[in-house]
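Read the structure below first, then the notes.
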Amino acid sequence: PYTDCGFGSAQPQNIRTDLEQAPDGTLHYAFHANDPAAGGTRSVLLGRSTDRGRSWETTVVHGGPKATSPAEVEVNFVQHVNVDPDSHARVYMTWRRSFPRVGEEDPRPTRPWMAISEDGGESFGEPFMMLDENTGFDAPRLIVVGERLFAFYRVSAPSEPEGAPTRLFSAVSTDQGESWEETEIASAADASEPIPAYDRDRNVFFVVWHDNRNGDLDVFFSQSADGTTWSPPARLNDDEPENGRGQYYPQLALSPGGQLHVAWYDYRDDPYPPPAPDELGEPLTLGSNLGQLQSVYYARSDDAGQTWLPNVRVNDVLIDRTIGTWNAQFFVVVPVSIAAWDDRALVSWSDTRNGTAATGTQDIYASAVTLEEQEQQVAAGSSLPLIFGSVAGALIGAGLALWAAVWVMRRTRRRAEAPA
């Protein structure tokens with residue numbers, strides 16, 4: 001009965017989906033959907049494909065209870081799926097559960113939930129609350145290492161005491177998510193979710209995020225040998241510090257050879273004056289007026305994050321963020337996506353070049369960044385964008401990560417099917 005994949009009655013809660021390919025090639029697609037008879041409640045579902053997406057089987061991970069009043073609407077959203085690399089039959093799903101505010105009362109807080117499958121996603125155990133924390137805008141992201149489960153998440157700043165920071169955590173569980181031991185990675189007045197990666201050859205964890213510890217938003221990186229002790233945050237954007245130019249929504253990819261690739265949105269090329277802090281001198285946040293014209297920047301490390309090549313710009317046309325898709329709250333700026341090989345990366349982003357103030361058109365564009373071209377640009381001291389052709393497409397709910405994953409699969413399939 002889950003025929004409605006829209007907002008339901010839960011506007012303006014986000015629609016986000018997640019796609020992961022297991023080591024055996026099975027695709028796992030996490031999404032939410034509504035039973036039109038459920039009164040607006042969202043349910044969590046998992047699609048599985050063993051033939052590269054040609055056909056799918058769908059499992060109901062959690063069928064939300066029917067709501068008979070607005071106060072009972074259960075909003076399950078921003079799902080993530082993770083497959084145990086050593087036991088493909090074990091599949092983890094995480095999501096956030098929220099409830100619409102009714103009047104001035106909102107007695108039920110937003111919390112992260114989890115469900116586990118032991119049969120490859122054909123069925124799931126009873127969902128349970130993963131953490132008694134409000135984990136920001138996203139569900140915790142998971143990494144499985146042997147018998148240990150690692151989670152990475154943001155805890156929103158509480159309303160009391162005033163001025164309390166947003167905090168980023170890693171946590172480890174040895175009992176399948178029933179209990180967790182937390183370690184703080186970083187904190188700031190405003191910070192994004194930590195985006196993790198794990199190098200299984202070198203046994204090292206990596207995370208990237210943005211925060212405003214310097215008065216405006218910057219991109220940071222940290223690493224850990226055990227997932228609990230983290231290196232001091234390293235600033236990745238190499239423009240002048242504290243210049244009022246925001247950098248945000250970084251995404252991280254680890255190539256097969258262990259190279260680190262990071263891409264993010266960046267206002268350093270905006271010709272308009274940078275926004276000033278408010279009258280109280282508060283630092284700029286993601287909700288501030290960060291600027292008008294935006295770029296996409298990229299950084300690469302070949303030594304596990306000890307050093308980084310200079311930043312390079314990826315997009316050829318500045319993105320006008322005064323126009324674009326509007327969702328009644330703010331302009332929709334879909335996080336960048338990045339897929340990496342040892343000698344190149346594919347970066348995609350949301351772009352408004354085909355839009356006007358009247359149309360608000362927003363598309364997905366992509367560009368390849370090669371190591372050879374990057375080194376040439378750096379040696380020449382050039383800031384010209386690295387463009388090897390762009391691809392435009394519709395801005396769909398599945399997001400950029402799905403687009404990039406499908407692109408990689410198609411490339412792989414073409415090489416496999418090419419005549420000898």
Side-chain angles (χ1 to χ4, degrees), residues 16 18 20 78 80 82 85 92 94 112 130-131 133 135-145 148-157 165-173 180-214 217-238 247-255 258-265 286 297-308 311 335-340 345 347 401:
R16 300 187 194 178
D18 197 22
E20 176 164 322
V78 290
H80 289 299
N82 189 281
Y92 299 90
T94 62
M130 180 179 171
L131 296 158
E133 304 271 14
T135 53
F137 297 109
D138 216 335
R141 290 172 167 84
L142 301 181
I143 291 177
V144 184
V145 181
R148 294 178 298 166
L149 190 59
F150 291 85
F152 298 83
Y153 51 93
R154 165 190 185 268
V155 173
S156 299
T166 296
R167 305 168 70 193
L168 308 184
F169 287 95
S170 65
V172 59
S173 174
W180 298 88
E181 293 185 12
E182 291 183 326
T183 301
E184 185 173 308
I185 301 172
S187 64
D190 185 29
S192 68
E193 280 76 17
I195 306 298
Y198 181 63
D199 189 329
R200 297 185 183 276
D201 293 328
R202 299 167 180 82
N203 301 319
V204 181
F205 293 87
F206 308 104
V207 292
V208 294
W209 71 94
H210 74 244
D211 73 41
N212 63 350
R213 69 185 64 201
N214 295 325
L217 297 177
D218 292 306
V219 172
F220 291 95
F221 165 86
S222 183
Q223 61 180 296
S224 172
D226 57 9
T228 60
T229 303
W230 293 90
S231 64
R235 183 176 181 265
L236 294 190
N237 48 292
D238 58 10
Q247 288 82 19
Y248 64 99
Y249 283 167
Q251 296 291 314
L252 169 65
L254 182 68
S255 59
Q259 294 81 9
L260 293 169
H261 307 255
V262 183
W264 62 87
Y265 290 117
L286 194 60
Y297 270 78
Y298 164 86
R300 172 191 172 113
S301 174
D302 294 328
D303 55 10
Q306 299 301 312
T307 60
W308 295 81
N311 298 174
V336 300
S337 178
I338 184 167
V347 181

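These values consider heavy atoms only, across backbone and side chains, with no hydrogens, waters or symmetry-generated copies.
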Spacing of [X] atom [atom1] and [Y] atom [atom2] [to the nearest 0.5 Å]:
X    : Y    : atom1 : atom2 : value
R16  : H80  : CZ    : NE2   : 7.5 Å
L254 : D199 : CG    : CG    : 5.0 Å
R148 : E181 : CZ    : CD    : 11.0 Å
R154 : F137 : CZ    : CZ    : 5.0 Å
L286 : Y249 : CG    : OH    : 4.5 Å
E193 : H210 : CD    : NE2   : 8.5 Å

Minimum heavy-atom distance [X]-[Y], with the two atoms named:
X    : Y    : value
R141 : I195 : CZ-CD1, 3.5 Å
A191 : T166 : O-CG2, 4.0 Å
P335 : Q251 : CB-NE2, 3.9 Å
A263 : V347 : CB-CG1, 3.8 Å

Report the residues that fulfil ring pair (Phe, Tyr, Trp, His ring centres under 6.0 Å) with Y92, sequence neighbours left out, ordered by chain and then residue number. none
Is it true that a side-chain atom of [X] and a backbone atom of [Y] form a donor plus acceptor pair closer than 3.5 Å?
X    : Y    : result
D190 : N212 : no
D211 : F220 : no
S173 : L149 : no
S231 : Q223 : yes
H261 : R300 : no

Close side-chain approach of [X] and [Y], heavy atoms under 4.5 Å:
X    : Y    : answer
L260 : W308 : yes
N203 : Y198 : yes
R200 : I143 : yes
N237 : N311 : yes
M130 : L142 : yes

Member of W180, F169, F205 meeting the ring pair (Phe, Tyr, Trp, His ring centres under 6.0 Å) criterion with F150: F205
Before you tell me yes or no, could you show the steps for L252 and F206 under side chain to side chain contact (heavy atoms under 4.5 Å, CB included), namely the whole-Å CA-CA distance, both residues' side-chain angles and the distance that decides it to 0.1 Å? CA-CA 9 Å; L252 169 65; F206 308 104; 3.9 Å; yes
Let's go through V208 and W264 carefully: what are the C-alpha distance in whole Å and the side-chain angles of both, what is the deciding distance for side chain to side chain contact (heavy atoms under 4.5 Å, CB included) to 0.1 Å, and is it a yes or a no? CA-CA 10 Å; V208 294; W264 62 87; over 6 Å; no
Of [options], which meets side chain to side chain contact (heavy atoms under 4.5 Å, CB included) against [X]?
X    : options                : value
Y153 : L131, D138, T94        : L131
V336 : Y298, Y297, Y265       : Y265
T183 : T229, V172, L168, T228 : T228

Applying salt bridge (Lys or Arg N to Asp or Glu O under 4.0 Å) as the test, list every pair that has at least one member in residues 221-230; sequence neighbours left out. none
Under the side chain to side chain contact (heavy atoms under 4.5 Å, CB included) rule, what do V219 and W209 come out as? Steps first, then yes or no, please. CA-CA 6 Å; V219 172; W209 71 94; over 6 Å; no
D303 meets the side-chain contact (heavy atoms from CB on, under 4.5 Å) criterion, sequence neighbours left out, with S301, Q306, T307
